[in-house]
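Worksheet for the structure shown next.
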Number of protein chains: 2
Amino acid sequence: MSLIVQKFGGSSVADAESIKRVAKRIVDTRKAGNDVVVVVSAMGDSTDELLDLAHEVAPIPAPRELDMLLTAGERISMALLAMAIKSMGYDALSFTGSQAGMITDARHGSARIVDVTPGRIRDALDGGAVAIVAGFQGFNRDTMDITTLGRGGSDTTAVALAAALAADICEIYTDVDGVFTADPRVVPQARKLDRISSEEMLELAAGGAKVLYIRAVEYARRHGVTLHVRSSFNNNQGTIVYNTEFVDPNGEIVEEPIIAGIAADLSEAKITVVGVPDVPGKAAQIFKIVAGANANVDMIVQNVSGVATGVTDISFTLPKSEGQQTLTALTNDKELVGFSSLQYDDQIGKLTLVGGGMRTNTGVSAKLFEALFLAGINIEMISTSEIRISVVTRADTIQEALRVVHTAFGLDTDDEAVVHGGTGR
Amino acid sequence: MSLIVQKFGGSSVADAESIKRVAKRIVDTRKAGNDVVVVVSAMGDSTDELLDLAHEVAPIPAPRELDMLLTAGERISMALLAMAIKSMGYDALSFTGSQAGMITDARHGSARIVDVTPGRIRDALDGGAVAIVAGFQGFNRDTMDITTLGRGGSDTTAVALAAALAADICEIYTDVDGVFTADPRVVPQARKLDRISSEEMLELAAGGAKVLYIRAVEYARRHGVTLHVRSSFNNNQGTIVYNTEFVDPNGEIVEEPIIAGIAADLSEAKITVVGVPDVPGKAAQIFKIVAGANANVDMIVQNVSGVATGVTDISFTLPKSEGQQTLTALTNDKELVGFSSLQYDDQIGKLTLVGGGMRTNTGVSAKLFEALFLAGINIEMISTSEIRISVVTRADTIQEALRVVHTAFGLDTDDEAVVHGGTGR
């Protein structure tokens, strides 16, 4: 008998029919002799609808009250799911984040988990019930208030519960068959991966892959939780996200591929600080200002200094949503830094290749650059880590870049993936 | 400085605009220097929508999960109300039934309040905030589960909090201007009452008046809470429901009127047990069977026994919703009781006159019967208490009966009442 944590996103429980289908799947897992803990998101678009209501009554909703409001969403889906399972003749009990022991700090809207005390979940399992837990929500012990974990919070809830309960596996149900070599909506020849290391998964997620949230993968990696990303629309085997090494059915350790997958990201913008005096400490000064504006810098490139002029340019990328506040902060300190002007470019795209095998294989960059060159796509910035290469191109070339690089690295398959609509949280 | 509890029903917070209007009213009360505790129902029809969803996923939803589901409704309205107040520059904090200390027994769907421990509400008030509390919901200490109080639960929450906090008054906001001498939708000449005793209010509610729930009035009476029933659509003075005696501004005790109001009820049916052997103990036997079917009997009439036949008929009224189960139970024991047949009549209406002054005034029944006789309306059953007379007539004559009796007792006014749509819970 295994203990399985199953997480279902909003698109999997969007209406009564979907809820009954998910209930059936949970009952099947239970029938097979497993203990089951289910983490569920709010139904379909209900979170966005609640957010809209909040903004109708208050221009800037109070964070404590916004958390109180949004947590109503999972309360609805989890109760419906529990009653659907019970009406199929299997015991089920729903629990709020607070009842499930998801203890967090007090940062409303983006709380961090500080402790997980799933006593009531353990009792429910011992009593033979399926435990249904609200994703995304927690409880702060000092303020006695309800908190939420922010976007992707339900994945994090599932992983944290799996870790605290020492579950055998944490299944993340989604609207695709698993993790793909590239987004199958852009690259129809993308291939589903049977397995990927959590390190590779982290780099892909950081590179823009939407299938899992970085935070949940990080948590899983830190606590040794094995994930199984799979579709809620069929019973196909999905993608295993493993932590140490992957052992095949014959007991052989399977080597990591050179390239596991490719991700694209259109959510970033580039700021170029023009005419920075080429003296020590200027870069530190600039990025201290940027950090003060609460911006999350991704890639940084400093041009070779012009010897004649004594000035240089520094470019960096950051989320578009943080662009304005960063420009304002830099402009305020223009005199102090002594740069001549700022350029803002939100028409960039980032392409990221990830593969654990890069560590021991050379020539990956060369093959990447050649593929892009042959397609006439210009590279504007480059950044690398041990198992990753990212390049910045024009935004309107990013889909074409994804396809040609996917082909160049031999990742194409003949089978087209089936993609369902909707995203969870 | 007074402590005021204000209760707003679902129709008062049906959408963003209504919520902002209610927030404005609360802020006005706070500005006037009062401490304010607000009890709020779920928005508009949202409870019914959640119930519909529940029945779509489960034919008979599990009671614990149904309570978990329905309590999402007030969570939404209370959080929105709190953020609307905060955005007007006044502090506000929302609390679930559990956080507000509404401790109940474990009867899901119809829990009774066993204790009220409003420590966090007191703290919020001491800190200068308006406390917004979810109506209708509570918490059981033994099971650690969320409960609901059943229909009218939000009124009960408001009264129970007013009692526990020793509030100066409990204001019940509704879609009419107060308690009327009769339903103004049926009797346009109905007059708003400035005051009514809780005893009279109880009898009117039991007689079918919808403005307040019996349970909340009972609780207010038992704990000495003064209610003020008023409209959320204007600032008019409503109706004071007082407990001991009403003292006017000159310090004079005001006498109770002979007739305070008239109520009509079309929700009952009549069952007649025909041919019951006229021997001692048969009535007891019949009503033991009826009680066993969980029916709430209202009026009972036993015909004069036929000396020649040795049999009699027994009629009683009960809620239509309990008719079928009662007929089945009686039929099952037909041999045992020895009656000959059952008649079921769901086309009856009940008219109830209420007035504390009846105690010391004669001739009320005579005037009632004459008014109905002159209008050609037949009386089928009669029941009386110290301050009430109820008669059963045909259902299709009940509105006419209400109007002629209202006129006969001199209750008509020239001003027509303004009635807004919707009902709360």
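Letters go in sequence order (proteins before strands), and every chain restarts at 1. Only a predicted model underlies this, so the values are computations on that prediction, with no experimental measurement involved.
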Go through the steps to decide whether B:Arg215 and B:Asp155 satisfy the test salt bridge (Lys or Arg N to Asp or Glu O under 4.0 Å), and finish with yes or no. CA-CA 8 Å; B:Arg215 193 168 156 198; B:Asp155 285 4; over 6 Å; no

So which part of B:Leu93 gets closer than 4.5 Å to some heavy atom of chain A, the side chain, the backbone, both or neither? both

Please assess A:Lys7 against A:Glu171 for the test salt bridge (Lys or Arg N to Asp or Glu O under 4.0 Å), listing each intermediate value before the final yes or no. CA-CA 6 Å; A:Lys7 181 261 171 178; A:Glu171 297 183 337; over 6 Å; no

In terms of heavy-atom proximity below 4.5 Å to chain B, should [X] be classed as side chain, backbone, both, or neither?
X: A:Gln99; result: side chain
X: A:Ala92; result: backbone
X: A:Leu81; result: neither
X: A:Leu66; result: both
X: A:Met88; result: neither
X: A:Leu69; result: both

So CG of B:Asn34 and CD1 of B:Ile4: to nearest 0.5 Å the spacing works out to 3.5 Å

Looking at chain A, which one of [options] has the largest number of heavy-atom pairs inside 4.5 Å, strictly under?
options: B:Asp67, B:Ile19, B:Ile146, B:Ile76; value: B:Ile76
options: B:Ala62, B:Pro59, B:Ala16; value: B:Ala16
options: B:Arg64, B:Arg75, B:Arg120; value: B:Arg75

Run the salt bridge (Lys or Arg N to Asp or Glu O under 4.0 Å) test on B:Lys24 and B:Asp28 for me, step by step, so that the C-alpha distance in whole Å, both residues' side-chain angles and the decisive distance to 0.1 Å come before the verdict. CA-CA 6 Å; B:Lys24 172 78 168 52; B:Asp28 287 346; 3.2 Å; yes

Choice from A:Ala84, A:Ser87, A:Ala72 maximising heavy atom contacts with chain B below 4.5 Å: A:Ala72

Set out, in order, the CA-CA distance, both residues' side-chain angles and the distance that settles side chain to side chain contact (heavy atoms under 4.5 Å, CB included) for A:Val133 and A:Met78, then state yes or no. CA-CA 7 Å; A:Val133 179; A:Met78 75 184 194; over 6 Å; no

In terms of side-chain heavy atoms, does B:Gln6 have a donor or acceptor partner in B:Thr29 at a distance below 3.5 Å? yes

Ignoring hydrogens and angles, state whether a donor on the side chain of B:Glu65 or A:Ser94 is under 3.5 Å from an acceptor on the partner side chain. yes

